[in-house]
Number of protein chains: 2
Amino acid sequence: MPDFIYNNKIYYNPVEFAMDRIGGTWKMPILWRLKDHVLRYGEIKKSIPHITHKMLTSQLRELEAEGFVSRVVFPVVPPKVEYTITARGTKAITIVEVIRNYGLELMKDFGVPYEKIKTQKKMQS
Amino acid sequence: MPDFIYNNKIYYNPVEFAMDRIGGTWKMPILWRLKDHVLRYGEIKKSIPHITHKMLTSQLRELEAEGFVSRVVFPVVPPKVEYTITARGTKAITIVEVIRNYGLELMKDFGVPYEKIKTQKKMQS
DNA sequence: CTGCATCCGATAAGATACTG
DNA sequence: CAGTATCTTATCGGATGCAG
């Protein structure tokens with residue numbers, strides 16, 4: 001007696017559904033980077049520490065397939081691909097921010113040290 | 001160059017940290033059930049469709065270990081154990097609600113049918 | 001009733017190599 | 001530069017059995 005099915009997967013509640021779209025280790029960090037920048041693949045890669053090539057590619061594919069980011073391929077050599085956040089992605093950012101702030105509170109609560117609270121203006125190098 | 005370490009695990013951002021505490025398939029549904037009820041193990045079990053014995057036990061253990069729920073054992077036969085949400089758990093519920101509402105919006109957005117939008121007043125049978 | 005341990009299959013994710 | 005494919009390991013989670 002599943003609640004609903006989407007993409008051949010059974011879901012039992014809306015939270016699970018939302019988390020499958022924007023959850024996981026990397027999707028939120030990716031959306032976060034695209035918040036107010038259009039970025040190339042390599043730029044995203046450089047800006048997210050420890051993410052592997054495979055993970056970044058697959059997560060971008062999923063985010064694109066579900067309309068959170070859009071992918072523009074420039075037919076040049078060497079290849080150039082830009083990723084832009086969509087309206088749906090921007091909406092998701094709101095949730096990311098809520099969770100992020102909560103995470104910061106929790107960390108404080110748990111006594112976990114964390115420095116870069118300050119918003120990062122410039123993203124890489 | 002990890003951002004921080006907690007419980008022998010490396011985290012790279014606050015979102016990941018938060019999701020490790022209250023994320024996953026079952027933690028939010030569990031907290032949700034305890035929102036305004038003190039429940040016994042078996043009651044939680046019955047109220048969450050498809051959750052397995054193993055998963056419920058392990059998730060409750062983690063939630064307890066990190067202070068989101070408290071566990072009271074009554075020294076009777078047969079055993080009786082009650083789970084209560086803590087202040088920290090109540091705070092988490094706020095986030096759960098935000099994510100849940102977002103999930104509902106997303107589902108509408110994706111055209112996923114879902115009936116029981118109405119708040120469930122009574123929980124089981 | 002509640003909880004723990006064990007086994008095992010499914011899935012996620014890292015490393016690496018190859019392509020246009 | 002960006003993307004795909006393969007191989008391999010690690011973790012998650014289901015089923016089951018046993019115990020106080």
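Here is how names work: the chains are called A, B, and so on, in the same order as the sequence lines, proteins then strands, and each is numbered from 1.
Scanning all heavy atoms of the two residues, the minimum distance from Lys35(B) to Ile93(B) falls at CE-CG2, 3.8 Å.
Annotation: side chain of Trp32(B) is in contact with side chain of Arg100(B) (closest heavy-atom distance under 4.5 Å). Between Tyr41(A) and His53(A) the shortest side-chain heavy-atom distance falls below 4.5 Å.
Distance from the side chain of Arg61(B) is smallest to dC4(C) among dC4(C), dA2(D), dA15(D). When each of dG3(D), dT2(C), dG13(D) is scored by its nearest atom to the side-chain atoms of Val81(A), the top-ranked nucleotide is dG3(D). Taking the side chain of Thr52(B) as heavy atoms from C-beta on, and the options dA2(D), dG14(C), dA15(D), the nearest nucleotide is dA15(D). Listed candidates were dA2(D), dA15(D), dC1(C). Nearest to the side chain of Lys54(B) is dA15(D). Closest approach to the Pro78(A) side chain among dA2(D), dT2(C), dC1(D) is made by dC1(D) (side chain taken as heavy atoms from C-beta onward). Out of dG3(C), dC1(D), dA15(D), the shortest distance to the side chain of Arg40(A) is found at dC1(D). The listed nucleotides are dG3(C), dG20(C), dG13(D); the one nearest the side chain of Tyr83(B) is dG3(C).
Atom CD of Gln59(A) is separated from atom C1' of dG14(C) by 14 Å (rounded to the nearest Å). Rounded to whole Å, the distance from NE2 on His53(A) to P on dG14(C) is 13 Å. In this structure, Met19(B) atom CE and dC12(D) atom P are separated by 16 Å, rounded to whole Å. As rounded to whole Å, 13 Å separates atom C1' of dA10(C) from atom CE of Met55(B). Atom pair Asp20(B):CG and dA12(C):P shows a separation of 17 Å (rounding to whole Å applied). Between His50(A) atom NE2 and dA13(C) atom P there is a gap of 16 Å when expressed in whole angstrom units. Following rounding to the nearest Å, Arg71(B) (CZ) and dC1(C) (P) show an atom-to-atom distance of 16 Å. The CD1-C1' distance, from Ile10(A) to dA10(C), rounds to 15 Å in whole Å.
Note: Tyr6(A) and Phe17(A) have perpendicular aromatic rings, judged against thresholds of 30 and 60 degrees for the angle between ring planes.
Between Trp26(B) and Gly42(A), it is Gly42(A) whose nearest contact on DNA chain D lies nearer the 5' terminus.
Counting any heavy atom pair closer than 4.0 Å across all strands shown, Thr57(B) reaches sugar-phosphate atoms only and no base atom.
Under the 4.5 Å side-chain contact rule for hydrophobic residues, Leu104(A) and Phe110(A) share a cluster.
Fit an axis to the five pairs at each end of the helix from dC1(C)-dG20(D) to dG20(C)-dC1(D) and the two axes sit 30° apart, to the nearest 10 degrees.
We find the OG1-CD1 distance between Thr90(A) and Ile85(A) to be 4.5 Å, quoted to the nearest 0.5 Å.
The one candidate from Arg21(A), Lys27(A), Arg71(A) that meets the salt bridge (Lys or Arg N to Asp or Glu O under 4.0 Å) condition with Glu62(A) is Lys27(A).
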